[in-house]
Peer 1: 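For reference, the structure I am asking about is given below.
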Amino acid sequence: MSAPSAAAAPARSPSAIPVLSGIAGIAPRYDLILCDVWGVLHDGTVGHRPAGEALIRFRGLAPEGRPRRVILVSNAPRPWPGVQRILDGYGVPREAYDAILTSGDLTRDLIARHPGARVYHLGPERDAPIFEGLDLTLVGAEAAELVVCTGLFDDTRETEDDYAEALAAFRARGVPMICANPDLVVERDKKLIPCAGLIAAAYAKIGGEVVYAGKPYRPVYEAALEQAGALDGAGPPETARVLAIGDALRTDIAGAAAFGIPSLLVARGIHAEELGVLGEHDRLGDAAAWLARQSVHPDALIERLVW
């Protein structure tokens, strides 16, 4: 197995990137929004009510040929029903979206290609539902023929360095890894928390074989558009009529650019410090200087997702 890579995106001029006060002005251009979850709809502790309301209003716009849909696309390492329960708990209304697609869902598809595999789960017990109903045997690290990484065992204190010895042992035996969450970090209660992507990157750095499920890789976008087409029986929408919204350049924005769909970067997420809006009363100023140093750029920028 080998890791897919996102194709290089056409260069965009950071100085020409508009800063939006809301999405009302651009919403009629799109039939489908692919919306990130963590950092856009909630911060790991509380839901962002205006973001949910913005998506509800988008879905309520008069259709221009086909209904307007919202699919939540998350790098959460668990099947979509678990993510929906979390959103319910944070007060994100179900009326804000039509469907949820997670990297956990895609991971299950990848695992299913290895029937009867002896699998080592590298990650916290809360992610165990990712294995439910699959033809596999969960084993210890020394007996594994496949590693599924969903995160760090304790993401409050560990780093990727704590896994160096285990990763070296997997590499020595040529054990492939499926990364169920390509994110490097997420925001939780104003702090950045390490994710499975850090472990996968460390494994790849020493020559380990890694397959990634989720953003920024092409299969998740293909699956999302196919899912949107199935909702109406009209087939996938045109890519020009699809908007990706997220807070991470490396996953949300790079993935959208590589797939050829427009993107909107939410500033108050994992890049809040770089964009100068870490404090509650900070206001988004000139982001061009920071964006100019990045290898990929969004089509527009917004402080928070609002209508």
Side-chain angles (χ1 to χ4, degrees), residues 3 5-6 36-46 73-78 82-83 86 90 102-104 106-107 110 119-131 141 144 147-171 175-217 220 246-255 265-275 277-278 294-296:
S5 61
D36 184 35
V37 175
W38 203 316
V40 178
L41 294 180
H42 70 80
D43 65 1
T45 58
V46 63
V73 182
S74 171
N75 274 355
R78 55 187 64 89
V83 171
I86 291 172
Y90 290 150
T102 73
S103 58
L106 299 180
T107 296
L110 291 171
V119 175
Y120 175 66
H121 177 202
L122 197 168
E125 183 61 29
R126 65 176 179 267
D127 296 332
I130 201 171
F131 302 110
V147 176
V148 175
C149 180
T150 65
L152 289 73
F153 290 115
D154 185 350
D155 58 18
T156 64
R157 63 178 182 84
E158 292 180 330
T159 72
E160 66 272 25
D161 293 337
D162 293 297
Y163 295 83
E165 184 177 344
L167 295 181
F170 289 134
R171 175 66 182 91
V175 180
M177 174 185 291
I178 297 175
C179 177
N181 177 2
D183 287 349
L184 300 179
V185 296
V186 294
E187 180 192 13
R188 182 191 299 159
D189 197 20
K190 308 301 182 183
K191 298 178 181 179
L192 296 182
I193 304 299
C195 295
L198 280 177
I199 304 297
Y203 193 45
K205 187 175 181 179
I206 63 173
E209 192 176 341
V210 183
V211 169
Y212 296 86
K215 299 174 290 186
Y217 301 99
V220 71
D247 73 322
L249 278 179
R250 176 182 168 271
T251 51
D252 301 306
I253 306 307
L265 178 65
V266 174
R268 285 191 178 272
I270 67 170
H271 299 304
E273 183 174 1
E274 296 99 318
L275 291 167
V277 289
L278 192 61
Q294 312 309 313
S295 60
V296 65

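Numbers for residues simply follow the sequence, beginning at 1.
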Peer 1: Please examine the side chains of His271 and Asp247, heavy atoms only from C-beta on, and report whether any two atoms are closer than 4.5 Å.
Peer 2: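 SC-SC contact between Asp247 and His271 ruled out.
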
Peer 1: Using 30° and 60° as the class boundaries, would you call the ring planes of Tyr120 and Phe170 parallel, tilted or perpendicular?
Peer 2: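 Geometry flag for Phe170 against Tyr120: tilted rings.
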
Peer 1: Within a strict 4.5 Å, meaning less than it, do heavy atoms of the Tyr203 and Ile199 side chains meet?
Peer 2: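 Result no, sub-4.5 Å side-chain heavy-atom pair not found.
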
Peer 1: Would you check if Leu167 and Met177 make a side-chain contact, meaning some heavy-atom pair closer than 4.5 Å?
Peer 2: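 Yes; the side chains approach each other to less than 4.5 Å.
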
Peer 1: Hey, what do you get for CD1 (Ile270) to CG (Asp36), rounding to the nearest 0.5 Å?
Peer 2: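 Between atom CD1 of Ile270 and atom CG of Asp36 there are 9.0 Å.
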
Peer 1: When you compare the side chain of Tyr163 with that of Leu122, does any pair of heavy atoms fall below 4.5 Å?
Peer 2: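 A side-chain contact exists here, since the closest heavy-atom pair is under 4.5 Å.
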
Peer 1: Does any non-hydrogen side-chain atom of Leu265 lie less than 4.5 Å from one of Leu249?
Peer 2: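 The answer is yes; the side chains approach within 4.5 Å.
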
Peer 1: Quick check for you: to the nearest 0.5 Å, what is the distance between Leu198 atom CG and Glu160 atom CD?
Peer 2: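 Spacing of CG (Leu198) from CD (Glu160) equals 5.0 Å.
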
Peer 1: Atom OG in Ser74, atom CG in Asn181: separation rounded to 0.5 Å?
Peer 2: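 It comes to 7.5 Å.
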
Peer 1: Keeping Arg250 on the side-chain end and Pro182 on the backbone end, is there a donor-acceptor pair under 3.5 Å?
Peer 2: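 The answer is yes, because a donor-acceptor pair under 3.5 Å joins these two groups.
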
Peer 1: I need the Thr150 OG1 to Ile178 CD1 distance, nearest 0.5 Å.
Peer 2: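 Rounded to the nearest 0.5 Å, the OG1-CD1 separation comes to 12.0 Å.
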
Peer 1: For Ala213 and Leu110, work out which heavy atoms get closest and say how close.
Peer 2: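 Shortest heavy-atom separation between Ala213 and Leu110 comes out as CB-CD1, 3.9 Å.
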
Peer 1: With side chains defined as the heavy atoms from C-beta onward, is the minimum distance between Gln294 and Ile253 less than 4.5 Å?
Peer 2: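 A side-chain contact is absent here, since even the closest heavy-atom pair is not under 4.5 Å.
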
